[in-house]
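Heads up: the structure comes next, in structure tokens.
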Amino acid sequence: MPCVPLQHWKDFDSSKHSGVIAYFNQNFVKTGIFAKETSKIIKNASIMREQSDYSDFFIASRQDAEEQIEKAKEFIGEIERYLKDKNVL
């Protein structure tokens, strides 16, 4: 039996990262499925990506990159725990 929150994504479509983030926050963070910290991880990663894509002189430091990698691992861990809890993984 599929996990109900995962069914939210079945008919979802967005042409922008911001749309996916907003959808995740609305359906998974505001409902308490994931902690607000999870949302902050995505938001900070998105800001860093936008700066690197659109700012002419943005250079991420090694420390920034390492922090983003660690936060990404945390985020993936939260998603994996949730999916395992729902017997999806």
Can you tell me how far the NZ atom of K40 sits from the CZ atom of F75, to the nearest 0.5 Å?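 These two atoms lie 15.0 Å from each other.
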Rounded to the nearest 0.5 Å, what separates atom NZ in K43 from atom OG in S18?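 Rounded to the nearest 0.5 Å, the NZ-OG separation comes to 12.5 Å.
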For [X] and [Y], work out which heavy atoms get closest and say how close.
| X | Y | result |
| --- | --- | --- |
| I41 | E74 | CD1-OE1, 3.9 Å |
| E78 | F34 | O-CE2, 3.6 Å |
| N27 | I33 | O-CD1, 3.9 Å |
| S14 | G19 | OG-CA, 3.4 Å |

Is it true that K73 and E80 make a salt bridge, defined as a side-chain N closer than 4.0 Å to a carboxylate O?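 Between E80 and K73 there is no salt bridge, as every charged N stays at least 4.0 Å from the carboxylate O atoms.
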Do L89 and F24 share a hydrophobic cluster (ILVMFWY, side-chain heavy atoms under 4.5 Å, transitive)?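 Yes; tracing contacts between hydrophobic side chains, which count when under 4.5 Å, links both residues.
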Please tell me whether L83 and V29 are part of a single hydrophobic cluster in this structure, the criterion being side-chain heavy atoms less than 4.5 Å apart.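 Looking at the clustering, V29 is in the same group as L83.
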A quick test of your reading: do over 12 heavy atoms of other residues, nucleotides or ligands sit less than 6.0 Å from CD1 of I59?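 Count not over threshold, so no.
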If the condition is side chain to side chain donor-acceptor pair (under 3.5 Å), which residues does Q26 pass it with, not counting sequence neighbours?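 Expected list: none.
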Using side chain to side chain donor-acceptor pair (under 3.5 Å) as the criterion, list what pairs up with S39, not counting sequence neighbours.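 Per chain and number, S39 pairs via side chain to side chain donor-acceptor pair (under 3.5 Å) with N25.
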Going through the checks in order, is the side-chain contact (heavy atoms from CB on, under 4.5 Å) test met by Y82 and V88? CA-CA 9 Å; Y82 173 75; V88 176; over 6 Å; no
Are K84 and R81 close enough, and set up right, to give a side-chain contact (heavy atoms from CB on, under 4.5 Å), and what steps lead you there? CA-CA 5 Å; K84 285 177 183 175; R81 274 189 284 285; 5.9 Å; no
Using links of under 4.5 Å between side-chain heavy atoms of ILVMFWY residues, direct or through other members, which residues join M48 in one cluster?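 M48 shares its hydrophobic cluster with F58.
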Whether S55 side chain and F57 backbone form a donor-acceptor pair below 3.5 Å: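 No, the answer is negative, given that no donor and acceptor are paired below the 3.5 Å cut-off.
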